[in-house]
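Input: a single structure, listed below in structure tokens.
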2 protein chains.
Amino acid sequence: MSASSCLTIKFPERDQERIIPALKVLGEPNRLRILCGLGLECRPVTDIINATGLGQTNVSFHLRVLREAGFVRAERRGPFIYYCLADSELLRILHDLTSWLDARQTAVTSDAEQRARPAKRNSAAPRTREVT
Amino acid sequence: MSASSCLTIKFPERDQERIIPALKVLGEPNRLRILCGLGLECRPVTDIINATGLGQTNVSFHLRVLREAGFVRAERRGPFIYYCLADSELLRILHDLTSWLDARQTAVTSDAEQRARPAKRNSAAPRTREVT
DNA sequence: CTATAATATAAGTGAGGATTTATATGAGTG
DNA sequence: CACTCATATAAATCCTCACTTATATTATAG
């Protein structure tokens, strides 16, 4: 199934428009650090502030964005508010992406080695082939 | 394996720092539209320009970012340059994310319906529980 | 009740990056 | 070769949003 869905993947505009806001949320470095830093734990805001070194209001702002995106949820416990992932599936997907980046990096490295080899280059045909 | 890795997922800073630039690339709406619009096909730049309605130079700029990120590759064919995904795995991951968003939307919708119900609200206890 | 701590929200600012305008580069044709 | 088309690159401009400062809100302790 996974293989067949991979082969037939299309990305209709409907799906694009759905994923765009999510990736905008995830595309901000500090926001992503906050999100990934949570891992599978519930953490008070003070923890997040200390862990990231960001300002309190900045953290609060980012948490709000994450919360409104539905990526994290918040629970008040006395004077503290604890934040955790709304669904660990998101972390799994991000982990997939990391793994893919790693694997690709490995592939690219070995690919680059092959490229480094053609010192005896046919100057016309393969050069115009691949734009880098 | 997938289940166990889900339960034990941690996101060390090393991984965070790896994924951040990738998500920055993917976090720009038009860039994502370009990427997803490619699907599994190789397309000339003119196609992309027409499909997205963006300016030529803007498209060119975004393609360069995608190319340098390693997400797409380019092949010159005569006067045209065709762009396609470097690896369909990325599309699969994005598709996973979309599916997750959809599934969560369904869950959120039914959750929101339950929330819409407490018109007879106990004003203290459940309100201070969950921060929205 | 007052004071303090934790956190959120509002408003202002400036930097990063998307987009535009101008121009350069590469490929093809006559 | 000159010209045209496709695309990339450089520089300038614009726009979005992250971050900061100021303040408000909520919870707790004495």
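Numbers restart at 1 for each chain; the letters A, B, ... are given by sequence-line order, proteins then strands.
Applying the 4.0 Å criterion to OP1 and OP2 of C:dA6, one finds that A:Tyr82 has every side-chain N and O outside that range. Within the 4.0 Å cut-off from OP1 or OP2 of C:dA6, not a single side-chain nitrogen or oxygen of A:Tyr83 is found.
Counting only residues at least two apart or in different chains, side chain to side chain donor-acceptor pair (under 3.5 Å) contacts with residues 45-60 of chain B comprise B:Asn58-B:His62. Residue pairs meeting the salt bridge (Lys or Arg N to Asp or Glu O under 4.0 Å) criterion with at least one partner in residues 19-31 of chain A, sequence neighbours excluded, are absent.
With respect to the salt-bridge test (charged N to carboxylate O, under 4.0 angstrom), the residues B:Asp102 and A:Arg18 qualify.
When the P atom of C:dG26 is taken as reference, atom CZ of B:Arg76 falls 9 Å away, rounded to whole Å. The distance from atom CZ of B:Arg64 to atom C1' of D:dT9 is 7 Å, rounded to the nearest whole Å. Following rounding to the nearest Å, A:Phe80 (CZ) and D:dT26 (C1') show an atom-to-atom distance of 13 Å. For the pair B:Arg77 CZ and C:dG26 C1', the interatomic distance rounds to 17 Å; values are reported in whole Å. If you measure from atom CD of B:Glu75 to atom P of C:dA27, you get 15 Å, rounded to the nearest angstrom. Rounded to whole Å, the distance from CD1 on A:Ile34 to C1' on C:dA8 is 14 Å. Rounded to whole Å, the distance from CD1 on A:Ile81 to C1' on C:dT9 is 13 Å. For A:Ile48 and C:dA6, the CD1 to P distance is 14 Å, given to the nearest whole Å.
Minimum atom distance to the side chain of B:Thr46 is reached by D:dT7, of the listed D:dA27, D:dT7, C:dA8.
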Under the side-chain contact (heavy atoms from CB on, under 4.5 Å) criterion, do B:Arg73 and B:Tyr83 qualify, and how do the steps go?
-> CA-CA 6 Å; B:Arg73 53 187 178 85; B:Tyr83 279 81; over 6 Å; no
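Shown here is A:Glu13, whose CD atom has no more than 12 heavy atoms of other residues, nucleotides or ligands within 6.0 Å.
Relative orientation of the B:His95 and A:Phe11 rings is perpendicular, given thresholds of 30° and 60° on the angle between their planes.
Residues A:Leu54 and A:Asn30 have side chains in contact (heavy-atom distance under 4.5 Å, counting atoms from C-beta outward).
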What is the per-nucleotide protein-contact pattern of nucleotides 18-25 of chain C, from the 5' end, where B denotes a base atom under 4.0 Å from a protein heavy atom, S denotes such proximity for sugar-phosphate atoms only, and - denotes neither?
-> SBBBB---
